[in-house]
Engineer: 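Have a look at this one before I ask anything.
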Amino acid sequence: MSVVFHEKSGEFHLFNDEISYIISILPNGQLGQLYYGKRLRDRESFEHLQEYGMRSMVAWVGGLGRRDVSLELLKQEYPSFGSSDFRNPAFEILQENGSHVSNFRYVSHEIISGKPGLSGLPATYTEAPEEADTIVFTLFDEVTQVELKLNYTVFRDYNAIARSAHFENKGSQTLKLNSAMSFSLDLPGTEYEWMQFSGAWAREREPFVKKIGSGVTSVESMRGCSSPNQNPFVVIRKPGTTEDCGEAYGVSLVYSGNFLAQAEGDTYGQTRVMIGINPRGFCWNLTPGEVFQTPEAVVVYSAQGLNGMSQNFHELYRTRLARGYWRDRERPVLLNNWEATYMDFDEEKILNIARKACEAGIELFVLDDGWFGKRNDDFRGLGDWFVNTDKLENGISGLSRKITEMGMRFGLWFEPEMVNEDSDLFRAHPDWILATPGREPSLGRNQCVLDFSRKVVVDAIYEMMEKVIADSDITYIKWDMNRSITECYSAAYAANQQGEIYHRYILGVYDLYERLITRFPEILFESCASGGARFDPGMLYYAPQAWCSDDTDAVERIGIQYGTSYCYPVSSVGAHVSVVPNHQILRETPLETRFNVAMFGAFGYELDITRMPEEEFEEVKKQVAFVKQYRKLIHTGTYYRLADPFATNEGAWMLVSQDQKEAIVMYSRILIHPNSPVKRLKLKGLNPDLEYRIEAPRKKEVSRCGDELMYAGLITTEPAIGDIGEAGADVYTDFYSKVYVLKAN
Ligand code: DGJ
């Protein structure tokens, strides 16, 4: 991997073994984009990849004496609005005189081994300088006296480019930064498809595909969080791209607040792709000396279809975005009491559940919502982070010690960013919430949002949380967030700073996370937001796993986890076995299928294990043992999507170990049909020359070669007439699933 500067042509070639990213200095000094795709041999100039020309009704750049330099026609790196480009800009600076035209010209560049961090913001990182090279371009706008630094990192081992932008006002004008995207890329052609991951509470991240063509295609969040409705991740792909072949660009924002992802097809044959903080509701005061750092965007190019793209994101995000003590450690099998008791519990009830969980081999007990303040329902208590001794007479410290003495770890739920009006915290500080003067704040789940843009508020929450954690045996925290931000206004900031609040709020969230992680480095954090409403790369930097969805129904989860897999690693996907009828949709599914789906995640149970029939409890013991045996493979193996549950009656995926000697396959058939045809599931990523022993519950063990399994396939759909081994009545059911383990010597 390298960054090469060709002085004569003024071009920069960022490459590794798989990809090339080529930047040039345009005649007016701005940065131009020449190429991003499959690796090209390095050469002095690729200038012919930029198409200069003259067309009617275009404006050409002033002061150059050339009529063939129109920004409207040129591929650029970080375009501005107001001059000769009429497409959407990557940023906008408003001057004191009302002008918003900028012209950032190249001044210098610096090539750095490794990757510098972004202060106060989550970002991918390197552990050794040889893992990546970073080039930082310095550009300057003479009129506004603003310096712009554009950062690009090319990784040795991933087809990924990480980008961000940094503004500094070096002049004396008070400027306003009205927008500042993290990433902008002009691609040649408009023949692309756009893939987005949309949904709502309990049905997060369903993939949708559209044609881009001419005009703007976009998704965004204005909810103050990344949201369950749209994920800050989109794919731009060539028509015909499949899971295994074709070109795809995955565009991901390492940020947890409002965002905009957009593709603009023009009418001259270019597509401008960008992602960053949503300009709506954003305005940063760039006063003299002030700086603004955008969040990071990560873009993966894959010539090996969508699976190739996802594998790059998985590995990069699992090992170079997630951090800390738990990054590479096997995650404990947990039991969470939420669906078991909701807020109706006392110490005895909790200890009984924990005891039984311990007997099953479960390693971590998580006490969810309801342990603090007067929290007996969701109308009160948030903000009062001290134990409710009416429920837990020995406090969290006493309870956590009793559970630790059983041989289990103990974890606790918090919702640090929220407050109920019926709480001591709100009564003492009614002005600590986000609310617009003179208007009633809108409530969500009966709660208000604390003003995390204010340090005093973050400090107060930190102190309360720190005390509870320090006094107890806590090794896991579930950090929840159960409403969107409305009436985003801070009483502590001036009128002209209200456009900063959404972003300052998220910086406050990151700050609290960072302080807690620093103080308690061995605590495993799981982020959560009414399920998967803040399932984004920003959160993964602090919490290596996230509760994927409040929908714990196994069939729903096949789709939700499948959609989530386009960007996020299996190790980050919180997934639990719950009871039937399912609490969200009342569906009854076999225990085996609930397990088969949930094990492909950060695994646990969310049920009252004391109420389980004995035979199910015995089954749970076996499940826990199975997960302990295979969780390393599941969390670190290479992931392949095999069958799409959104398009067919089946859902399937598999993981293969790095040495290709072990693999684990999940196959599910949603509804049973009578006398259905036999289908073969073609496996992926195996070594064609190895012979694999195939183990599956209640099946006779057989051996098959890797080539056969990949090119001819494994019969799965109608086991009675041809699967490996004997079929039982268990396969004649809706919501059937099977997990196969493959092992080669
Ligand atoms: C929403 C979460 O997604 C649930 O798992 C649970 O923690 C509840 N909040 C508790 O209020």
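Side chains included, hydrogens not; waters and symmetry mates left out as well; all remaining heavy atoms used. Atoms within a ligand are numbered from 1 in the order they appear, just like the ligands themselves.
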Engineer: In terms of relative ring orientation, are Trp385 and Trp371 parallel, tilted or perpendicular, with 30° and 60° separating the classes?
Structural biologist: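 Geometry flag for Trp371 against Trp385: tilted rings.
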Engineer: So, regarding Glu606 and ligand 1 (criterion: nitrogen or oxygen to nitrogen or oxygen, under 3.5 Å), is there a contact or not?
Structural biologist: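 Between Glu606 and ligand 1, no N or O pair is found under 3.5 Å apart.
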Engineer: How does Arg445 reach ligand 1, by side chain, by backbone, by both or by neither, if only non-hydrogen atoms under 4.0 Å count?
Structural biologist: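 It is the side chain that touches ligand 1; the backbone stays farther off.
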Engineer: Does Arg631 qualify as a cation-pi partner of Phe603, given the criterion of NZ or CZ under 6.0 Å from the six-membered ring centre and within 45 degrees of its axis?
Structural biologist: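 No, Arg631 and Phe603 do not form such a contact.
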Engineer: Which atoms of ligand 1 are found less than 4.0 Å from any heavy atom of Gly531?
Structural biologist: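 Close to Gly531: 3 (O).
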Engineer: Who gets closest to atom 8 (C) of ligand 1 by heavy atom: Val366, Asp369, Asp480?
Structural biologist: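 Closest candidate by heavy-atom distance is Asp480.
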Engineer: Of the protein's non-hydrogen atoms, which lies at the shortest distance from atom 6 (C) of ligand 1, and what is that distance?
Structural biologist: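 Scanning the protein heavy atoms, the shortest distance from atom 6 (C) of ligand 1 goes to Asp368 OD1, 3.4 Å.
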Engineer: Think Arg427 forms a cation-pi with Trp432, using NZ or CZ under 6.0 Å from the six-ring centre and within 45 degrees of its axis?
Structural biologist: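 No - Arg427 does not lie over the ring of Trp432 by the 6.0 Å and 45° rule.
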Engineer: Backbone N or O of Val333 within a donor-acceptor pair of the Glu363 side chain at under 3.5 Å?
Structural biologist: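 Flag set: sc Glu363 to bb Val333 pair under 3.5 Å.
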Engineer: Students often mix this up, so state it plainly: with edges at 30° and 60°, are the rings of Tyr505 and Phe452 parallel, tilted or perpendicular?
Structural biologist: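 Answer is tilted, since the angle falls between 30° and 60°.
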Engineer: Could you tell me the residue and atom name of the protein heavy atom closest to atom 3 (O) of ligand 1, and the distance to it rounded to 0.1 Å?
Structural biologist: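 Here the closest protein heavy atom is Asp550 OD1, 2.4 Å.
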Engineer: What is the closest protein heavy atom to atom 5 (O) of ligand 1, and at what distance does it sit?
Structural biologist: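 Result for atom 5 (O) of ligand 1: Lys478 NZ, 2.7 Å.
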Engineer: Are Arg323 and Tyr542 in a cation-pi setup, meaning NZ or CZ lies under 6.0 angstrom from the ring centre and within 45 degrees of the ring axis?
Structural biologist: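 Judged by the rule (NZ or CZ under 6.0 Å from the ring centre, within 45° of its axis), Arg323 counts as positioned above Tyr542.
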Engineer: Please work out whether the ring planes of Tyr566 and Phe197 are parallel, tilted or perpendicular, with thresholds of 30° and 60°.
Structural biologist: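 The rings of Tyr566 and Phe197 sit tilted, inter-plane angle from 30° to 60°.
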Engineer: Only heavy atoms of Trp547, strictly under 4.0 Å: list the atoms of ligand 1 that pass.
Structural biologist: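 Numbered from 1, ligand 1 contributes 3 (O), 5 (O).
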Engineer: Which bit of Cys528 is near ligand 1, meaning a heavy atom under 4.0 Å away: side chain, backbone, both or neither?
Structural biologist: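 Only the side chain of Cys528 comes within reach of ligand 1.
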Engineer: What are the atoms of ligand 1, with element, lying closer than 4.0 Å to any heavy atom of Asn482?
Structural biologist: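 Answer for ligand 1: 1 (C), 9 (N).
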